[in-house]
4 protein chains.
Amino acid sequence: MTEVGGIAGDVLRSYIDRIERLEEEKAGIAANIREIFAEAKGNGFDTKVMRQILKIRKMEPHDVAEQDELLELYKRALGMPLG
Amino acid sequence: MTEVGGIAGDVLRSYIDRIERLEEEKAGIAANIREIFAEAKGNGFDTKVMRQILKIRKMEPHDVAEQDELLELYKRALGMPLG
Amino acid sequence: MTEVGGIAGDVLRSYIDRIERLEEEKAGIAANIREIFAEAKGNGFDTKVMRQILKIRKMEPHDVAEQDELLELYKRALGMPLG
Amino acid sequence: MTEVGGIAGDVLRSYIDRIERLEEEKAGIAANIREIFAEAKGNGFDTKVMRQILKIRKMEPHDVAEQDELLELYKRALGMPLG
DNA sequence: CCAAGCTACGGCCATC
DNA sequence: GATGGCCGTAGCTTGG
């Protein structure tokens, strides 16, 4: 056993290692993304605009539901608080 | 002097105290806001809708500038990257 | 109460206005806090450490000790230097 | 190059697609990390302390020591207990 | 007890 | 090369 003060050291170590491994992967992917932005910039694209496009495309699924909410919202706000 | 290890203790204490004071004020105001929501809820208003209204009203000033950006954005995205 | 198109709209508006006012105050105070950090930084203080200090002062002494102990314990369990 | 309505749009689309793909991967990994924390928590580990451990392991030992010293120094300057 | 909104922190990028 | 601003992400608090 690798118990230290009532803590299973090897279990803890396993969690930590797995998380660190995944964080490295994540960092690697983030680096890839940065690379693509750099390449695009080198080819004359405006990265700021690209980021806006990405943001909009990410939002759109939500908006399907959200548009309905807003319609409802305005009906309520103008008349009565409760629907 | 209240120098400790080369640090002006009284100056540091002053900064810390001022920040803590302001944070208390801030917390107090946050509490007031919560109170108003609670009161509104007690009078039959839907707090979720209220929050949405507040969000929209906060966004609108930005949108004045942002609408133009988006128009430009889509022009670029569909045609050429550089304006 | 809950009359259509009448009083309730005004009540709602009142709540919204009061909340917006308080949110402005809150934002102003947050700005003041940032200012103080900036000033402190300009005078050679480490703002990151200042934030740690503020956090510790906000915690119960008992909890501070407990967190420290747990951290030591985990470090030992992982064979890390105890600092 | 920079032709209107032609090739460049496709190039942009390609960049956008590649980035979106990578962002999805990244999100997936983040989900995995959250899962591990959840599992660890389920087994009685304190995730907050685990995060501290991860942060410390990511820092240079020298910086860790420096931060600690500075914290001690500020505490002494303020007359706080040294923990 | 779970989900969501808000706040705060850290990292990235552009600027000087 | 360093600094400051900006954005995205993560943690905490609060409401349901």
Side-chain angles (χ1 to χ4, degrees), chain A residues 19 22-23 26-38 40-42 45-56 58-59 62 65-66 69, chain B residues 19 22-23 26-42 45-56 58-59 62 65-66 69, chain C residues 19 22-23 26-39 41-42 46-52 54-55 58-59 63 67, chain D residues 19-20 22-23 26-38 41-42 46-52 54-56 58-59 63 67:
Chain A
I19 291 168
L22 288 167
E23 281 183 348
K26 190 152 76 84
I29 290 172
N32 291 342
I33 292 172
R34 262 181 276 123
E35 244 178 284
I36 295 176
F37 274 114
K41 181 173 187 169
F45 291 95
D46 182 327
T47 59
K48 187 174 174 183
V49 172
M50 286 174 67
R51 287 177 200 278
Q52 285 183 76
I53 293 173
L54 287 161
K55 186 185 292 188
I56 290 166
K58 202 183 292 185
M59 282 170 50
H62 292 64
E66 205 146 346
E69 272 185 62
Chain B
I19 292 169
L22 288 167
E23 281 182 348
K26 191 151 75 82
I29 291 173
N32 291 341
I33 291 173
R34 260 179 278 121
E35 242 179 287
I36 295 177
F37 274 115
E39 183 190 334
K41 182 174 186 166
F45 291 96
D46 182 328
T47 59
K48 186 174 176 184
V49 171
M50 286 174 68
R51 287 176 199 278
Q52 287 182 79
I53 292 173
L54 288 161
K55 185 185 291 186
I56 290 166
K58 200 183 291 185
M59 281 170 50
H62 292 63
E66 204 146 346
E69 271 184 62
Chain C
I19 292 169
L22 288 168
E23 282 183 347
K26 190 152 74 86
I29 291 173
N32 291 342
I33 292 173
R34 276 195 301 278
E35 244 179 283
I36 295 177
F37 275 115
E39 184 189 336
K41 180 176 187 167
D46 183 321
T47 60
K48 189 173 167 160
V49 175
M50 284 174 67
R51 287 177 201 276
Q52 284 183 75
L54 287 162
K55 189 180 293 189
K58 210 183 292 185
M59 288 172 69
D63 294 340
Q67 285 287 100
Chain D
I19 291 169
E20 283 182 339
L22 288 168
E23 282 183 347
K26 191 153 73 84
I29 291 173
N32 291 341
I33 292 173
R34 276 194 301 277
E35 242 178 285
I36 296 177
F37 275 114
K41 181 175 187 166
D46 183 323
T47 60
K48 189 170 169 162
V49 175
M50 285 175 66
R51 287 177 201 278
Q52 283 183 77
L54 287 161
K55 188 180 292 186
I56 291 169
K58 209 183 293 185
M59 288 173 69
D63 293 340
Q67 286 288 101

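Proteins come first, then strands; the chains are lettered A, B, ... in the order of their sequence lines, and each starts at number 1.
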With sequence neighbours excluded, what pairs up with B/Lys58 under the side-chain contact (heavy atoms from CB on, under 4.5 Å) test?
C/Glu23
Could you state the CD1-C1' distance from B/Ile33 to E/dG5, rounded to the nearest angstrom?
13 Å
side-chain contact (heavy atoms from CB on, under 4.5 Å) filter on A/Lys48, not counting sequence neighbours, yields A/Asp46, A/Gln52
When rounded to the nearest 0.5 Å, the distance separating CD1 of A/Ile19 from CZ of D/Arg51 is 7.5 Å
Point-to-point distance, once rounded to the nearest 0.5 Å, from CD of D/Gln67 to CG of D/Asp63:
7.5 Å
What nitrogen or oxygen pairs link the protein and nucleotides 7-11 of chain E at under 3.5 Å?
{"from": "E/dT7", "atom 1": "OP1", "to": "C/Lys26", "atom 2": "NZ", "distance (Å)": "2.2"}
{"from": "E/dA8", "atom 1": "OP1", "to": "B/Lys26", "atom 2": "NZ", "distance (Å)": "2.9"}
{"from": "E/dC9", "atom 1": "OP2", "to": "C/Arg51", "atom 2": "NH1", "distance (Å)": "2.6"}

Output all residues satisfying side chain to side chain donor-acceptor pair (under 3.5 Å) with D/Glu35, sequence neighbours left out; order by chain, then residue number.
none
Please name all residues satisfying side-chain contact (heavy atoms from CB on, under 4.5 Å) with D/Arg34, sequence neighbours left out, ordered by chain then number.
D/Ala30, D/Ala31
Would you work out how much the helix from E/dC1-F/dG16 to E/dC16-F/dG1 bends between its ends, with each end axis defined by five base pairs, to 10 degrees?
0°
Nucleotides bounding contact with chain B, strand DNA chain F, heavy-atom threshold 4.0 Å:
F/dT14 to F/dG16
How close do C/Phe37 and C/Thr47 get, counting heavy atoms only, and between which atoms?
O-CG2, 3.6 Å
Heavy-atom side-chain contact between A/Asn32 and A/Ile36 under 4.5 Å
no
